[in-house]
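Remember, it's 1-based here, ligands and their atoms both numbered in the order they're listed.
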Amino acid sequence: MPELEANDLMEKVVSLCKRRGFIYQSSEIYGGITGFWDYGPLGAELKRNVKELWWRQMVVLRDDVAGLDATIIMHPQVWKASGHVDTFNDPMVDCKVCKGRFRADQVSEIPCPRHPKMSVAQCPCEKTAPRPFNLMFKTYVGPVADEDSVAFLRPETAQAIFVQFKNVLETSRQKVPFGIAQIGKSFRNEVTPRNFTFRSREFEQMELEFFIKPDEAVEAEAGSIAEPSGSGHPGEPQRNWGWRAWLQYWVEERIRFYESIGLPRSSLVEYWQKAEELAHYARATVDILYKFPFGTQELEGIAARGDFDLSQHQQFSGKSMEVFDEETRNAFAKLDEEKRKALWQRFYENKKVDFGKRGCPEDQIEKRAREAADKLLRGTYIPHVIEPSAGVDRLVLALICNAYDEDKAPDEKGNLETRIVMRFHPRVAPIKVAVFPLLKNRPELVAKARQVRDLLRPHFAVFYDEAGAIGRRYRRQDEAGTPFGVTVDFDTLGEKGAALADTVTVRDRDTMRQERVKIGELVEWLRERLR
Ligand code: ATP
């Protein structure tokens, strides 16, 4: 749809979302509340489909991932250990004239409320120096609102996975390498929510923590570490994979997922963060970006985080986050002395760096690194992790932007008119099939159409509509992105002979072509095309 300007497209998307019940402003009747959005009937279905497909791909279809559903409010120490209390800050500037509040790193992109032709950075208003602003929402647990009862709404779902790591390991019969997946709400008091739902203050995340052995354990067991090619899917997991191969694997798995639900690879960008952009604990981070109408922006981040998170929780809780790995112990026991020493040394050097970054007192770094390296040789280590972390709302927005299209279709009189059509992949489409009687005032048609609806309903999300001209009913479903429309007409009732009796017209949303299908074969016919 190249003729549509980016701004135009975004405006059309926002308006369609409201008009058709995908997304509404939260608390709209009170004037809305910035950064909060509600999903209407179609949006709620779309979002459920996205989450179910993610869960299916990441948990149900795999042996090596287990699920978790943890609370939004956790012990406040969790956020001390994770670093969020001290470092989850955005630099913020205030404008003394318009009283606006902006993220310091975005002032060159955001228009000034007083001088809309200029960005905040360019405008002459008087601004404060940037100061840090913690993004976590605070609340109080229990009847007394004092410092001891302060708790936070989680700013990410990931930490619950680390905190419950040992419980899941013990109850799921998993062994490293394995993952824990979770979908749930997260909250960030974003300084400048914008671009529709892209940056919200309440949103949902789909996160996987995939725990792997440290590279030195892999090398002891497999002899050497696989060198990933740097691009393309590396295939089925292998025992000689170190963190680099696992990272590449998850990047490719995630891109395949996006393709499988209708985002073409050409709409995605794989961005490998540069060394200076990386968080201090990250060994590498790959962002998967989508080409939104307002810019190419992050859908998902996939980070190799070493053993930072589990180590932090071990330190803050005093509870061991180590695993005992018999394969690692046996492998080290069989190694020749030289190789064992070399791996010990490498692990020790890496650990020293990690302890340093985690603020370990200078005089204890060597001692702790030595202890950890000695333990590794006995098969005990803190697992490392690869974290694919995706936002549900950003993905829903990407799917909506990607699906939006306009073409020409004949109206009731045969004149061509502009048609808005949401070309959702059938897997994510909120409604899979619409069922219509040709006319509302013919009881035989209505009765038969209701029978067809009841036949399909156990298998697919069905929408039944009998009001208005058939052409207009088709258009409404085109805007909802419904892949197929089934019409019951006089032929279905056998009025034009036995050959067409008990057949219906199935209209394809994209091609607008119609086909006669026997009612008895309809479920299978649709199932094949909705996969
Ligand atoms: P950004 O740089 O855009 O603020 P981030 O790098 O802080 O994002 P992460 O902490 O890596 O984001 O969160 C993982 C995912 O959660 C993001 O890729 C995104 O899809 C989603 N996400 C994060 N913040 C928001 C938000 N404010 N609104 C909607 N989704 C979000």
Look at [atom] and say which protein heavy atom is nearest, naming residue and atom and giving the distance to 0.1 Å.
atom                    : answer
atom 19 (C) of ligand 1 : R394 NH1, 3.4 Å
atom 14 (C) of ligand 1 : S389 OG, 3.0 Å
atom 28 (N) of ligand 1 : S200 N, 3.0 Å
atom 13 (O) of ligand 1 : Q205 NE2, 3.4 Å
atom 22 (N) of ligand 1 : F203 CE1, 3.5 Å
atom 4 (O) of ligand 1  : R199 NH1, 2.8 Å

Do [X] and [Y] have side-chain N/O donor and acceptor atoms under 3.5 Å apart?
X    : Y    : value
E156 : S186 : no
R509 : Q477 : no
Q164 : N167 : yes
Q25  : D38  : no
Q159 : H313 : yes
E216 : N350 : yes

Below the 3.5 angstrom mark, is there an N/O of [X], backbone or side chain, next to an N/O of ligand 1?
X    : answer
E207 : no
R103 : no
T197 : no
G391 : yes
L299 : yes
E298 : yes

> If you measure from each non-hydrogen atom of D287 to ligand 1, which part falls under 4.0 Å: side chain, backbone, both or neither?
Replying inline: neither

> Heavy-atom contacts under 4.0 Å between R188 and ligand 1: side chain, backbone, both, or neither?
Replying inline: side chain

>> Which residues pass the side chain to side chain contact (heavy atoms under 4.5 Å, CB included) test with I33, not counting sequence neighbours?
In response: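 In terms of side chain to side chain contact (heavy atoms under 4.5 Å, CB included), with neighbours along the sequence ignored, I33 is linked to S26, S27, F36.
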
>> Restricting to side chain to side chain contact (heavy atoms under 4.5 Å, CB included), what partner residues turn up for T197, sequence neighbours left out?
In response: I23, W37, Y39, S200, L397

> Between the candidates F198, F88, F187, which shows the shortest non-hydrogen contact distance to atom 29 (C) of ligand 1?
Replying inline: F198

> Short list, please: which atoms of ligand 1 are under 4.0 Å from a heavy atom of E300?
Replying inline: 18 (O)

> Should the pair F198 and F294 be assigned to parallel (<30°), tilted (30 to 60°) or perpendicular (>60°) ring geometry?
Replying inline: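 It falls in the perpendicular class, over 60°.
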
> Hey, are the side chains of I73 and L153 touching, using non-hydrogen atoms and a 4.5 Å cut-off?
Replying inline: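 SC-SC contact between I73 and L153 confirmed.
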
> Less than 4.5 Å apart, any side-chain heavy atom of F178 and any of I180?
Replying inline: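 Contact flag for F178/I180 side chains = yes.
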
>> Would D393 count as a contact residue for ligand 1, given that I'm defining contact as a non-hydrogen atom of the residue lying under 4.0 Å from a ligand atom?
In response: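 Flag not set, D393 not near ligand 1.
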
